[in-house]
Novice: 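I'd like to ask some things about the structure below.
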Amino acid sequence: YVSPKSGRAVSRAAGEAWRERLMLLPAFLRDGSVTEPLQPSDLSAGFTLTGFFLMRHVLEPRGLAMSDARAHFIAAVARATASAA
């Protein structure tokens, strides 16, 4: 898990009691040796995680909104992974 407050990773055991308040840390970010294909749920969790911190630390302090291009990219990736499965 990742704490939205601190931005730090939390172990599964330590975060279990707080899982409703924490964000999922996808397998491909937890373990650099993942060799199996990415799951759509992992991709979604990765985009959610990066989007949250981009908004909080990059865009909002500058009074900017998330780019429509990012949303289109995420939708294209979702379509591609759905058709590949």
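Just so we're clear, the structure is a prediction, and the values are computed from it rather than from any experiment.
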Novice: Quick one: CG on Leu25 to CG on Asp42, what's the gap to the nearest 0.5 Å?
Specialist: 9.5 Å
Novice: What is the minimum heavy-atom distance between Gly51 and Met66, and which atoms define it?
Specialist: O-CE, 3.6 Å
Novice: Going only through I, L, V, M, F, W and Y residues with side-chain contacts under 4.5 Å, is there a path from Leu43 to Phe73?
Specialist: yes
Novice: Please report the shortest heavy-atom distance between Ser83 and Ala80, naming the atom on each side.
Specialist: OG-O, 3.1 Å
Novice: Give a yes or no answer on whether the side chain of Thr50 reaches the backbone of Gly46 with a donor-acceptor pair at less than 3.5 Å.
Specialist: yes
Novice: Please find the pair of heavy atoms, one from Met55 and one from Leu64, that lie closest to each other, and give the distance.
Specialist: CE-O, 4.4 Å
Novice: Does Val10 belong to the same Ile/Leu/Val/Met/Phe/Trp/Tyr cluster as Val2, with side-chain heavy atoms less than 4.5 Å apart forming each link?
Specialist: no
Novice: In Å and rounded to the nearest 0.5 Å, what is the CD to OG distance from Glu16 to Ser11?
Specialist: 10.0 Å
Novice: Would you say that more than 12 heavy atoms from the other residues, nucleotides or ligands in this model lie under 6.0 Å from the CZ of Arg70, or not?
Specialist: yes
Novice: Starting at CG of Leu54, measure out to CD of Glu60 and round the result to the nearest 0.5 Å.
Specialist: 11.0 Å
Novice: So which heavy atom on Arg62 is nearest to which on His57, and how close?
Specialist: NH1-O, 3.8 Å
Novice: Between Val77 and Phe47, is there a side-chain heavy-atom distance shorter than 4.5 Å?
Specialist: yes
Novice: Quick check for you: to the nearest 0.5 Å, what is the distance between Ser67 atom OG and His72 atom NE2?
Specialist: 8.0 Å
Novice: Atom CZ of Arg12 and atom OH of Tyr1: how far apart are they, to the nearest 0.5 Å?
Specialist: 7.0 Å
Novice: Can you tell me how far the OG atom of Ser6 sits from the CG atom of Leu22, to the nearest 0.5 Å?
Specialist: 9.0 Å
Novice: State, yes or no, whether a side-chain contact exists between Phe53 and Val58 at a heavy-atom distance under 4.5 Å.
Specialist: no
Novice: Is there a side-chain contact between Leu49 and Leu24 (heavy atoms, below 4.5 Å)?
Specialist: no
